[in-house]
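Please read all numbers here as calculations on a predicted model, not as lab measurements.
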Amino acid sequence: MPTRERAAPQSTTRLRDLTSTSLRADATGDAGRTVDARLAVARALRRARHAVGAAWSAITAVVTPLGWAVGVLALAGLGAGYLLGWTEFVVIGWAAVIAAAVAALFLIGRIRHEVTLHLADDRVVVGSTAVGQLTIENPGLRLLPAITVDVPVGEATLDVPVPPLAPRQQIEELFRVPATRRGVFPVGPARATRRDPLGLVRREHAWAEASALYVHPPTVTVPSLSTGFVRDLEGSPTRDLTSDDVSFHALREYAPGDERRSIHWRSTAKTGRFMVRQFEETRRSHLMVALSGRADEYATDDEFELAVSVAASLGVRAIRDTRTVSVVTGEVTPEFSRRTVRSVRAFASVTPTRLLDDLAAVELEERALDLATTARAAADTIGGISLAFLVCGSATDPAAIREAARHLPLGVDVVAIVCESEGVPTQRASAGLTVVTIGYLDDLRPALNRAVAR
């Protein structure tokens with residue numbers, strides 16, 4: 001009896017445990033199915049949202065502002081027409097819908113043309129014309145419709161119409177770019193445009209090819225200037241005398257401190273007194289051209305363009321004469337900087353082309369260093385300056401020009417070239433500083449000839 005009484009409770013307990021377990025399993029299965037359903041709905045909504053976003057992006061990429069206006073007109077006309085019972089609005093709305101549907105037909109198909117862009121000369125001078133060539137090819141076996149190829153040139157765009165192309169046909173179209181102002185202008189990439197006659201939709205296809213067009217400042221030939229400060233075996237003799245160089249000048253009597261190797265023994269034997277050789281010091285010409293890039297030092301933009309041409313003419317002359325030259329301008333202080341940047345930016349002076357490329361991109365800046373600070377920073381950065389040109393505009397204070405000259409090392413010949421658009425050429429000199437004013441680029445050569453004569 002006790003044994004049976006124990007067994008009964010065990011069976012009851014075991015049955016009760018099984019019943020509780022199956023209830024929990026059913027509850028877990030229902031919750032799992034609910035979670036799976038929610039996840040499936042979330043995935044479907046996410047895919048729908050992506051699909052709607054992609055469709056909206058595709059629509060906004062091809063619809064023009066006029067196309068959006070026609071779409072609004074269609075919605076407003078149909079809505080107002082059916083709500084208010086106005087037949088005129090209904091007709092206007094359906095007309096807008098038909099126009100949009102017809103315009104969409106022009107977007108069917110892909111642009112299969114192959115377009116190559118090539119510039120015959122990517123470096124020209126202001127006032128000349130750059131010539132480019134578009135090669136358009138039909139690589140397929142079907143007739144391709146007419147398209148318009150747009151060639152961006154800086155902020156402008158050239159439209160080149162292309163006729164229908166037969167299979168495997170290739171045509172070449174030339175276009176001209178007038179170089180009216182100095183700068184570096186991106187040309188391309190070429191874009192093929194397909195649009196409807198009303199201009200409601202527009203599809204573009206761009207090719208990867210793009211080029212840079214360098215429009216150099218005009219230059220003139222100037223006289224060679226080779227005076228300087230640094231001694232050099234290939235330098236020019238000057239009036240300064242030294243006891244050690246290669247250009248013999250004269251003999252003089254020995255003085256305490258002279259080196260014994262300078263004694264001329266043959267003359268010493270004849271005179272009975274020690275005689276030493278005396279030489280003329282030779283100097284290598286290290287030119288420095290400092291171009292002011294500060295906006296308030298120029299009265300007009302034409303003055304700055306003249307100044308850039310002056311700096312380019314001087315730099316190119318020095319490079320072609322194989323002289324050491326440094327062409328610099330003041331750095332620009334960032335707008336939110338608390339401290340003024342007191343340094344100079346050096347332009348490439350390896351070849352004339354590299355120098356002109358750099359000068360093609362220089363611009364006036366409100367926060368650039370003034371002329372005096374630029375000269376001071378250049379003197380601290382560049383060693384061995386022998387001849388310095390300070391190029392600025394007519395709005396530069398004469399006191400600032402004199403201050404800039406004082407910042408340069410002693411013995412440096414300083415020539416300040418003031419660019420005054422259409423001004424009368426003048427020249428004045430005082431205390432190692434020559435100030436030349438020119439009104440046109442052609443005035444530079446005679447002005448420098450007069451400066452050399454002094």
Side-chain angles (χ1 to χ4, degrees), residues 222-242 245 247 279-294 297 307 310-319 321-331 342-347 349 355 369-393 396-419 427-438 444 447-454:
V222 297
S224 178
L225 302 174
S226 58
T227 59
F229 177 75
V230 179
R231 287 186 292 178
D232 180 32
L233 292 178
E234 298 179 356
S236 303
T238 67
R239 297 179 181 179
D240 296 335
L241 302 179
T242 180
D245 216 311
S247 181
F279 299 89
E280 287 181 337
E281 183 179 15
T282 56
R283 298 176 177 176
R284 182 178 176 83
S285 179
H286 187 161
L287 277 69
M288 191 270 289
V289 181
L291 171 66
S292 172
R294 191 177 179 90
E297 294 187 339
V310 168
S313 301
L314 295 172
V316 169
R317 173 78 268 180
I319 294 173
D321 289 345
T322 65
R323 303 293 180 183
T324 303
V325 60
S326 299
V327 183
V328 300
T329 189
E331 284 285 8
R342 301 182 183 275
S343 60
V344 293
R345 172 193 170 192
F347 300 105
S349 57
L355 176 61
L369 294 182
D370 56 21
L371 182 64
T373 310
T374 300
R376 183 174 183 177
D380 294 339
T381 305
I382 305 170
I385 300 174
S386 58
L387 178 61
F389 290 95
L390 307 177
V391 186
C392 59
T396 308
D397 190 355
I401 297 177
R402 293 192 294 269
E403 181 183 358
R406 286 195 297 267
H407 286 318
L408 297 171
L410 293 176
V412 176
D413 294 329
V414 183
V415 179
I417 301 178
V418 180
C419 300
Q427 182 174 325
R428 60 185 183 275
S430 63
L433 171 63
T434 302
V435 180
V436 176
T437 301
I438 62 173
L444 181 61
L448 292 181
N449 283 330
R450 290 193 296 270
V452 171
R454 288 176 177 268

Can you see which heavy atom on [X] is nearest to which on [Y], and at what distance?
{"X": "S386", "Y": "H286", "result": "OG-N, 2.8 Å"}
{"X": "L390", "Y": "A375", "result": "CD2-CB, 4.4 Å"}
{"X": "G293", "Y": "T329", "result": "N-OG1, 3.7 Å"}
{"X": "A379", "Y": "L408", "result": "CB-CD2, 4.1 Å"}
{"X": "V310", "Y": "C419", "result": "CG2-SG, 4.1 Å"}

Would you say that [X] contacts [Y] through its side chain, given a criterion of any heavy-atom pair below 4.5 Å between the two side chains?
{"X": "L433", "Y": "R402", "result": "yes"}
{"X": "R342", "Y": "T373", "result": "yes"}
{"X": "M288", "Y": "V325", "result": "no"}
{"X": "V436", "Y": "F389", "result": "no"}
{"X": "T324", "Y": "L287", "result": "no"}
{"X": "S326", "Y": "V289", "result": "no"}
{"X": "I417", "Y": "L444", "result": "yes"}
{"X": "L291", "Y": "V328", "result": "no"}

Hey, what do you get for [atom1] ([X]) to [atom2] ([Y]), rounding to the nearest 0.5 Å?
{"X": "D413", "Y": "I385", "atom1": "CG", "atom2": "CD1", "result": "12.0 Å"}
{"X": "L387", "Y": "R323", "atom1": "CG", "atom2": "CZ", "result": "11.0 Å"}
{"X": "T437", "Y": "Q427", "atom1": "OG1", "atom2": "CD", "result": "9.5 Å"}

Partners meeting side chain to side chain donor-acceptor pair (under 3.5 Å) with S313 (sequence neighbours left out)
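Expected list: none.
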Would you please test V414 and T434 for side chain to side chain contact (heavy atoms under 4.5 Å, CB included) and show each step?
CA-CA 6 Å; V414 183; T434 302; over 6 Å; no
If we check side chain to side chain contact (heavy atoms under 4.5 Å, CB included) with T396, which of these qualifies: D370, V418, V391, I401?
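Per the side chain to side chain contact (heavy atoms under 4.5 Å, CB included) rule, the option paired with T396 is I401, out of D370, V418, V391, I401.
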Determine whether the side chains of S292 and E297 contain a donor N or O and an acceptor N or O closer than 3.5 Å.
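Yes - a donor-acceptor pair under 3.5 Å links their side chains.
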Side-chain (D397) to main-chain (A399) donor-acceptor, under 3.5 angstrom:
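Yes, because the side chain of D397 sits within donor-acceptor range (under 3.5 Å) of the backbone of A399.
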